[in-house]
Amino acid sequence: MDCGCAHDGIEITKGAGIRDGKSLDMSWIFPPSPEIGLAIAESQDIFPVRSVFCVGQNYAEHAKEMGSDGRQPPFFFCKARESVTCGETFRYPALSQDVQHEIELVVALGSGGRDLPVEKALEAVWGYGVGLDMTRRDLQAAAKKSGRPWEAGKAFDGSAPCSALIPAEKLGHPERGAIWLEVNGEHRQRGDLSQMIWKVPEILAELSKLFTLAAGDLVFTGTPSGVGPIQVGDRMRGGVEGVAELEIEVVG
């Protein structure tokens with residue numbers, strides 16, 4: 001029996017196989033999952049999403065409210081591609097009584113690699129956006145207490161609403177600017193990109209030591225303090241100064 005393995009999206013087999021989704025002498029047993037993409041501001045083009053990485057506790061005040069303190073080495077977790085949405089609604093997920101908002105600057109990569117030097121890491125950035133790292137905090141807390149993975153709390157469907165992306169060639173690489181979130185017009189989160197413990201080039205350099213980064217990757221860069229719960233019927237509005245805003249209604 002021939003055996004196969006997938007590398008960089010290309011299926012390789014002994015004597016037969018699939019190249020870039022084109023069958024040589026075989027066919028998919030069912031249709032592959034559709035591509036997931038994000039809108040690009042003022043463009044008809046679409047940014048194809050590959051992987052979603054998140055940085056934990058990257059603002060000092062948020063780290064304190066989560067029980068940590070000081071400049072710790074960065075840690076990362078992942079969300080599923082299916083977490084990413086670009087709609088105007090967020091569906092309150094099942095099995096949780098404490099879903100919380102986390103507003104973040106999102107970095108979209110146009111290239112990648114491993115072991116990126118800090119001084120060259122920004123060369124991999126295609127653009128930026130604003131996203132929400134929605135969290136089932138009760139399930140995350142239970143997982144932490146048991147020493148188990150966080151996916152149930154972080155990687156559920158629709159847990160990463162994002163704005164349209166803006167190319168870095170138009171925007172530049174933001175290093176400062178207000179990051180904020182309101183719920184029903186009430187201020188919940190407010191900080192500044194300059195308060196990030198690990199800056200974008202450092203994040204990408206550290207992340208590339210653990211994973212091979214590539215075009216299409218999204219990196220959520222952490223959230224300021226003030227995270228809190230939302231309920232069905234709430235309207236969240238947030239953004240990053242000079243980058244983008246998004247407005248999301250919570251539905252049941």
Side-chain angles (χ1 to χ4, degrees), residues 6-11 18 20-21 28-41 45-56 75-110 112 126-143 148-165 181 203 207 210-223 227 229-230 232 234 236 238 244 246-252:
H7 297 281
D8 297 328
I10 300 173
E11 187 77 9
I18 299 170
D20 295 329
W28 302 110
I29 63 170
F30 49 79
S33 299
E35 291 293 332
I36 293 173
L38 284 175
I40 297 172
D45 295 332
I46 299 172
F47 181 91
V49 176
R50 175 181 175 267
S51 297
V52 184
F53 302 100
C54 303
V55 186
F75 70 91
F76 304 95
F77 58 91
C78 298
K79 286 180 177 278
R81 286 197 316 151
E82 291 76 15
S83 302
V84 177
T85 66
C86 54
E88 297 179 348
T89 60
F90 167 77
R91 186 167 297 280
Y92 201 99
L95 303 179
S96 178
Q97 301 300 315
D98 186 13
V99 178
Q100 298 193 4
H101 55 74
E102 299 188 13
I103 189 76
E104 312 205 4
L105 174 72
V106 177
V107 180
L109 301 189
W126 182 89
Y128 296 89
V130 177
L132 284 166
D133 169 17
M134 300 304 297
T135 303
R136 291 193 281 207
R137 190 72 72 199
D138 45 1
L139 300 190
Q140 183 196 30
R148 294 176 178 175
W150 292 4
E151 281 86 352
K154 288 286 191 178
F156 56 93
D157 291 353
S159 63
C162 287
S163 71
L165 300 177
L181 181 86
I203 291 169
L207 186 58
L210 298 170
F211 303 94
T212 299
L213 303 180
D217 289 346
L218 298 178
V219 182
F220 283 62
T221 58
T223 194
V227 301
I230 48 91
V232 173
D234 285 347
M236 300 179 287
L246 78 171
E247 188 167 350
I248 305 288
E249 181 181 2
V250 183
V251 299

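Keep in mind it's a predicted model, so treat the numbers as computed, not measured.
Atom CD of Glu249 has more than 12 heavy atoms from other residues, nucleotides or ligands within 6.0 Å. Remark: Ile46 CD1 is loosely packed, at most 12 non-hydrogen atoms of other residues, nucleotides or ligands lying under 6.0 Å away.
Of all non-hydrogen atoms in Ala41 and Ala164, the two that sit nearest each other are N-CB, 3.9 Å. Smallest separation of non-hydrogen atoms from Ala215 and Gly110: CB-O, 3.3 Å. Scanning all heavy atoms of the two residues, the minimum distance from Ala155 to Cys78 falls at CB-O, 4.0 Å. When all heavy atoms of Pro34 and Arg81 are compared, the closest pair comes out as O-NH2, 3.6 Å. Ala160 approaches Phe220 most closely through the heavy-atom pair CB-CZ, 3.8 Å. Annotation for Leu218 and Ala108: closest pair CD2-CB, 3.9 Å, computed over non-hydrogen atoms.
Distance alone, capped at 3.5 Å, places no donor-acceptor pair between the Asp98 side chain and the Arg137 backbone. No donor-acceptor distance shorter than 3.5 angstrom exists from the side chain of Ser159 to the backbone of Ser83, with no hydrogens or angles considered. In this structure, the side chain of Arg136 does not engage the main chain of Leu95 through any donor-acceptor pair within 3.5 Å.
Met134 has its side chain out of reach of Gln100: every pair of non-hydrogen atoms, C-beta onward, lies at least 4.5 Å apart. Contact annotation: the side chain of Phe76 approaches that of Val55 to within less than 4.5 Å [non-hydrogen atoms, C-beta and beyond]. Side chains of Ile103 and Leu132 form a contact here, defined as non-hydrogen atoms less than 4.5 Å apart. Contact check for Ile248 versus Thr85: no side-chain heavy atoms found under the 4.5 Å cut-off. Contact check for Asp133 versus Phe77: side-chain heavy atoms found under the 4.5 Å cut-off.
Atoms SG and CD, from Cys54 and Glu102 in turn, are 9.0 Å apart once rounded to the nearest 0.5 Å. Of the inter-residue distances, the one linking Ile230 atom CD1 with His101 atom NE2 reads 8.0 Å to the nearest 0.5 angstrom. Separation of atoms CZ (Phe90) and CG (Asp234) is listed at 11.0 Å; rounding is to 0.5 Å. From Phe47, atom CZ reaches atom SG of Cys162 across 10.0 Å, with rounding to the nearest 0.5 Å. Separating the CZ atom in Phe156 from the NZ atom in Lys79 is a distance of 6.0 Å, to the nearest 0.5 Å. Rounding to the nearest 0.5 Å gives a distance of 10.0 Å between SG of Cys86 and CD1 of Ile36.
In this pair, Phe53 and Phe211 present their aromatic rings tilted. The plane angle is within the 30 to 60° band.
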Residues Val227, Thr135; criterion side-chain contact (heavy atoms from CB on, under 4.5 Å); working and verdict: CA-CA 10 Å; Val227 301; Thr135 303; over 6 Å; no

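Exactly one of Val107, Asp217, Leu165 qualifies for a side chain to side chain contact (heavy atoms under 4.5 Å, CB included) with Trp126. That residue is Leu165.
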